[in-house]
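What you are looking at is a predicted structure, and each value in this text was computed from that prediction instead of being measured. Hydrogens, waters and symmetry mates are skipped; everything else that's a heavy atom, side chains included, is used.
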Amino acid sequence: MPEKLTKKSENMPRWYTDVIRMAKLADYAPVKGCMVIMPYGFSLWENLKENLDRKIKETGHKNAYFPLLIPESFLRKEAEHVEGFAPEVAWVTQGGHDQLEERLAIRPTSEAMICHMYSKWIRSWRDLPVLINQWANILRWEMVTRLFLRTTEFLWQEGHTAHATYEESEEEVLRMLFMYRDFAEEYLAMPVMVGRKSESERFAGALHTYAIEALMSDGKALQAGTSHNLGQHFAKAFDIKFLDKDEKEKYVWQTSWGVSTRLIGGIVMMHGDDAGLILPPTIAPVQVVIVPIWDDRTKDRVGTAVNELCESLTKLCRVEADLRDEYRPGWKFNEHELRGVPVRIEIGPKDLDKGQVVLVRRDTKEKMFVPRGEVEDKISKVLGDIQRDLYERAVDFRIKHTYKVKSVEEMNEMLERERGIFDSHWCEDAACEAKVKQETKTTIRCIPFDDEQSSGPCLVCKKPGVRAYFARAY
RNA sequence: CGGGCGGUGGCGCAGCUUGGUUUAGCGCACCGGACUGGGGGUCCGGAGGUCGCGGGUUCGAAUCCCGCCCGCCCGACCA
């Protein structure tokens with residue numbers, strides 16, 4: 001564990017791993033690329049999950065659980081899908097002492113297994129739509145790994161739906177995409193760009209892929225969630241057919257969509273500062289921490305006041321009193337800042353005399369003196385303010401770091417001094433996309449939905465193209 | 001998977017170049033005690049290490065050689 005936190009402004013990659021370990025979100029496991037999500041990190045994940053799960057259910061989906069192991073033959077059914085995932089699949093080849101007749105893949109995603117089951121379950125138009133989500137762990141054999149952002153095993157949620165028509169499936173794909181956007185913005189205070197992925201970034205086996213993309217504070221983009229229209233590729237490969245109202249047998253139209261523990265990495269990078277994490281109040285494991293300032297003479301008075309306030313606030317928020325006697329107040333301040341607790345309340349003898357508490361915002365470090373009688377009202381307001389301000393600061397940052405460019409040369413010029421999103425146009429030819437990538441190391445993060453600036457000359461070949469956001473990415 | 005760097009008490013490091021007076025040190029953390037307590041306190045005492053793992057060279061290896069594992073940074077592939 002590093003002793004002192006590296007400054008975020010000086011060395012972001014180092015800061016990132018330091019802060020995660022020092023804040024006890026996660027630790028390295030003995031197997032390459034694997035991590036232990038520690039109680040504080042897991043609590044953050046649980047809060048995130050609880051809110052997202054509710055939104056998934058509100059849109060009509062039900063949770064289920066499919067197995068971890070997938071027979072090789074299933075994975076092979078959809079040609080592009082196999083090829084896309086081949087380099088990242090881990091295999092079980094032996095059970096007990098015996099070699100298996102057929103290798104079993106540890107799921108890199110569950111399309112194959114779920115499609116197999118859907119082919120058994122779906123017979124009639126009356127069985128549709130099928131709207132299922134699962135929370136699961138996933139294994140992908142990655143070359144380069146980073147805590148939360150890319151680990152060999154990770155946790156996620158994957159929705160898998162089947163519909164009678166393309167129109168319905170497309171409606172579902174977009175519904176979930178915008179649900180992700182709302183979730184990221186409202187709960188994680190994470191503004192995102194929304195759009196379609198280019199052909200080269202499309203999910204293996206999908207018709208097309210949409211994504212939410214967030215700009216991190218080092219100017220690199222992070223794909224934060226994806227929503228795929230699988231078309232009928234998997235339905236044909238797995239023989240998922242239904243008898244429609246017109247008495248004709250048809251293949252279903254499918255979607256899948258997911259977000260993962262990567263979101264935690266995004267929250268860390270997006271909001272944190274030199275002092276450590278800054279967690280959005282909605283999902284922070286601890287929203288308010290109360291630190292007593294006491295000595296032997298004042299311990300009783302202060303302790304009583306702290307406990308009384310803590311109990312009262314429990315009804316309003318996730319609050320903790322830090323009564324540890326072995327640490328001094330200054331030490332605690334630093335620790336809670338490192339861990340990103342949104343609000344700190346200090347209570348000492350001087351405050352008791354004045355009938356107040358000291359309240360400090362983590363994001364701005366603003367210190368407020370609040371009469372004891374007004375603390376309850378103030379807390380709710382301040383937590384809301386922090387949530388809103390984090391979001392607004394991130395939006396401002398994104399606006400300041402979005403650059404309109406008309407050519408690769410112009411982009412490279414900007415890249416010499418700035419990182420961010422390059423707002424340009426692209427003719428949708430893969431050759432031009434590859435050229436941009438080669439010369440700038442940026443990729444198309446997404447093609448936003450139609451707007452007034454949606455067409456213009458391609459930044460490479462100058463032929464008419466669609467609007468596209470480019471950035472270097474995680 | 002290439003290129004670079006690293007792995008020595010829990011953490012961060014020194015020692016390695018030039019193998020042996022080093023009984024493997026230092027800082028922080030940890031344990032006991034005292035004084036303390038509004039931004040990472042002070043003093044006293046204490047415990048803790050098969051030097052990443054496995055081979056090899058040697059009278060002798062933390063130190064030299066080979067292989068492997070893990071991490072970090074930079075590139076090609078990906079949530």
Are A/Arg301 and A/Asp353 within salt-bridge range, i.e. N to O under 4.0 Å?
-> yes

Using atom CG of A/Asp274 as one end and atom P of B/rG40 as the other, report the distance to the nearest whole Å.
-> 18 Å

When rounded to the nearest Å, what value does the distance between P atoms of B/rG45 and B/rA24 take?
-> 23 Å

Kindly state which residues belonging to residues 285-307 of chain A come within less than 4.0 angstrom of RNA chain B, counting heavy atoms of the residue only, listed by number.
-> A/Ile293, A/Trp294, A/Asp295, A/Asp296, A/Lys299

Considering every strand shown, what is the Watson-Crick or G-U wobble mate of B/rU18 when both distances are under 3.5 Å?
-> none

Rounding to the closest angstrom, what is the interatomic distance between B/rG2 and B/rC77 at atom C1'?
-> 13 Å

Once you apply the 3.5 Å cut-off to both distances, tell me the Watson-Crick or G-U wobble partner of B/rG6, or none.
-> B/rC70

Please determine, for B/rG45, whether a Watson-Crick or G-U wobble partner exists with both distances under 3.5 Å, and give it or none.
-> B/rC31

Residue closer to the 5' end of RNA chain B, A/Ala224 versus A/Arg324 (nearest nucleotide) = A/Arg324

Say you pick atom P in B/rC68 and the same atom in B/rC73; how far apart are they, in whole Å?
-> 23 Å

Verify salt bridge (Lys or Arg N to Asp or Glu O under 4.0 Å) between A/Asp182 and A/Lys55, making sure each step is shown before the conclusion.
-> CA-CA 10 Å; A/Asp182 295 346; A/Lys55 288 177 89 81; 5.4 Å; no

Hey, can you tell me if A/Phe397 and A/His401 have their rings parallel, tilted or perpendicular (30° and 60° cut-offs)?
-> parallel

Step-by-step salt bridge (Lys or Arg N to Asp or Glu O under 4.0 Å) determination, A/Glu172 to A/Arg175 = CA-CA 5 Å; A/Glu172 166 77 2; A/Arg175 178 186 304 119; 2.5 Å; yes

Using whole Å, report how far CG of A/Asp325 lies from P of B/rC31.
-> 13 Å

Which residues pass the ring-ring contact (aromatic ring centres under 6.0 Å, His included) test with A/Trp294, sequence neighbours left out?
-> none

If you measure from the Lys or Arg side-chain nitrogens to the Asp or Glu carboxylate oxygens, is any gap between A/Glu46 and A/Lys49 under 4.0 Å?
-> no

Comparing A/Pro329 with A/Ala473, nearest RNA chain B nucleotide closer to 5' gives the residue A/Pro329

Gap in Å between the two C1' atoms, one belonging to B/rC28 and one to B/rA76, rounded = 40 Å

Rounded C1' spacing from B/rG39 to B/rA14 in Å | 31 Å

So, with a heavy-atom separation below 4.0 Å from RNA chain B, the residues of residues 342-359 of chain A are A/Arg344, A/Glu346, A/Gly348, A/Pro349, A/Lys350, A/Asp351, A/Val358

Go ahead and name the base partner of B/rC13; Watson-Crick or wobble counts if both distances stay under 3.5 Å, otherwise write none.
-> B/rG25

Which whole-number value in Å describes the distance from A/Met22 CE to B/rC28 C1'?
-> 11 Å

Please state the C1' separation for the pair B/rG60 and B/rA47 - nearest whole angstrom.
-> 31 Å

Would you kindly give the CZ-to-C1' distance between A/Arg328 and B/rG37, to the nearest whole Å?
-> 5 Å

Applying a 3.5 Å limit to both distances, which nucleotide forms a Watson-Crick or G-U wobble pair with B/rC1?
-> B/rG75

Complementary nucleotide for B/rA61 - Watson-Crick or wobble, under 3.5 Å | none

Is a side-chain N or O of A/Glu320 found less than 3.5 angstrom from the main chain of A/Val286, in a donor-acceptor match?
-> no

Tell me: CG of A/Asp27 to P of B/rG10, nearest whole Å?
-> 13 Å

Candidate pair A/Tyr16 and A/Tyr474, rule ring-ring contact (aromatic ring centres under 6.0 Å, His included), full reasoning | CA-CA 13 Å; A/Tyr16 177 79; A/Tyr474 275 99; 7.6 Å; no

Roughly how far apart, to the nearest Å, are B/rC13 and B/rG20 at atom P?
-> 24 Å

Just say parallel, tilted or perpendicular for the rings of A/Trp331 and A/Tyr327, cut-offs at 30° and 60°.
-> parallel

C1' gap between B/rC44 and B/rG4, integer Å = 47 Å

Has the side chain of A/Glu337 got a donor or acceptor atom sitting under 3.5 Å from an opposite partner on the base of B/rG39?
-> yes

To the nearest angstrom, the CD-P distance between A/Glu335 and B/rG39 comes to 17 Å

Heavy atom of residues 411-423 of chain A under 4.0 Å from RNA chain B: which residues?
-> none

Just by protein heavy atoms under 4.0 Å, how would nucleotides 70-77 of chain B read 5' to 3' in B, S and -?
-> SSSS-BBS

Sequence neighbours excluded, which residues qualify as side-chain hydrogen bond (donor to acceptor under 3.5 Å, both in side chains) partners of A/Arg467?
-> A/Asp423, A/Asp451

Are A/Phe449 and A/Phe178 close enough that their ring centres sit under 6.0 Å apart?
-> yes

